[in-house]
Amino acid sequence: QVQLVESGGGLVQAGGSLRLSCAASERAFSVKAMGWFRQAPGKEREFVAAISWSGSTTYYADSVKGRFTITRDNPKNTVYLQMNSLQPEDTAVYYCAGERTAAAHTDPTWYTRWGQGTQVTVSS
């Protein structure tokens, strides 16, 4: 079974940057479309960004558009989320998700593989 492992979270001041990584434990073609989601305390899990298998299609939540960038390195079985201009409202646990289909989706119910999450805290 594919396991997804996130890393790169931490504490950063407002305006700072972090890069999250999500590594798949098996060969990339068992998990193709990938997405990032986040969940803040007391809130529902929300979509952040998604990328297709080829990397040619990406989606972003309006709240992160222009600040976050999702990319992937298929030979390394890894997806990245570069987060710039971080704000306190970006504070959440960030989860990566994967699915065997090639097309990316923004709906979390589409994804069948999830990582354990990594905490991102942005101080004001």
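The shown structure was predicted, so the numbers you read here are calculated from the model rather than taken from an experiment.
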### Message
With side chain to side chain contact (heavy atoms under 4.5 Å, CB included) as the criterion, how do M34 and C22 come out once you've worked through the C-alpha distance, each side chain's angles and the decisive distance to 0.1 Å?
### Response
CA-CA 9 Å; M34 299 290 290; C22 174; 3.8 Å; yes

### Message
Is there a side chain to side chain contact (heavy atoms under 4.5 Å, CB included) between V122 and E89? Walk through the geometry before answering.
### Response
CA-CA 8 Å; V122 185; E89 52 265 34; over 6 Å; no

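- Linking ILVMFWY side-chain heavy atoms closer than 4.5 Å, directly or via other members, places L20 and V12 in a single hydrophobic cluster.
- By the 4.5 Å heavy-atom criterion applied to side chains, L86 and L18 are counted as neighbours.
- Contact of the I70 side chain with the V79 side chain is registered, since non-hydrogen atoms from C-beta on lie closer than 4.5 Å.
- Closest of all the heavy-atom pairs between A40 and A92 is N-CB, 3.8 Å.
- Rounding to the nearest 0.5 Å places CZ of R19 at 9.0 Å from OG of S7.
- Note: R72 CZ to T58 OG1 = 11.5 Å, rounded to the nearest 0.5 Å.
- Between atom OG1 of residue T78 and atom CG of residue L4 there is a gap of 10.5 Å, rounded to the nearest 0.5 Å.
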### Query
Taking it one step at a time, do W53 and T101 satisfy side-chain hydrogen bond (donor to acceptor under 3.5 Å, both in side chains)?
CA-CA 8 Å; W53 167 238; T101 57; over 6 Å; no

### Task
Start with the C-alpha distance between Y95 and Q39, add both sets of side-chain angles, then the distance that settles side chain to side chain contact (heavy atoms under 4.5 Å, CB included), and finish with yes or no.
CA-CA 8 Å; Y95 299 89; Q39 187 166 18; 4.2 Å; yes

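- At a cut-off of 3.5 Å, with distance as the only test, a side-chain donor of T121 or Q119 sits close to an acceptor on the other residue.
- Between the side chain of E6 and the main chain of T118, no donor-acceptor pair closer than 3.5 Å is present.
- Heavy-atom contacts from other residues, nucleotides or ligands closer than 6.0 Å to NZ of K76 number 12 or fewer.
- Nearest approach of Y111 to A50, heavy atoms of both residues: OH-CB, 3.7 Å.
- Side-chain atoms of N84 and S17 include a donor-acceptor pair closer than 3.5 Å.
- Here the closest non-hydrogen pair linking A33 and A103 is CB-O, 3.1 Å.
- At a threshold of 4.0 Å, the pair K32-E99 does not count as salt-bridged, since none of the basic side-chain nitrogens sits closer than that to a carboxylate oxygen.
- Distance alone, capped at 3.5 Å, places no donor-acceptor pair between the E46 side chain and the E44 backbone.
- M83 and Y80 fall into different hydrophobic clusters, defined by Ile, Leu, Val, Met, Phe, Trp and Tyr side-chain heavy atoms under 4.5 Å apart, directly or through other members.
- Atom CD of Q3 sits about 9.5 Å away from atom CD of Q116, to the nearest 0.5 Å.
- The hydrophobic cluster containing W110 does not contain W36, counting ILVMFWY residues as joined when their side-chain heavy atoms lie under 4.5 angstrom apart, directly or transitively.
- Closest heavy-atom contact between R38 and S63: NH2-OG, 3.5 Å.
- Both tests pass for R45 against the ring of W114: distance under 6.0 Å to the centre and angle within 45° of the axis.
- Connection of F68 to F37 is not established within any shared hydrophobic cluster, with ILVMFWY side chains joined at heavy-atom distances below 4.5 Å, either directly or through further cluster members.
- L81 CG to I51 CD1: the interatomic distance, rounded to the nearest 0.5 Å, is 10.5 Å.
- Taking the six-membered ring for Trp and the full ring otherwise, the centers of F47 and Y60 sit at least 6.0 Å from each other.
- Distance CZ/R67 to OG/S85: 7.0 Å, rounded to 0.5 Å.
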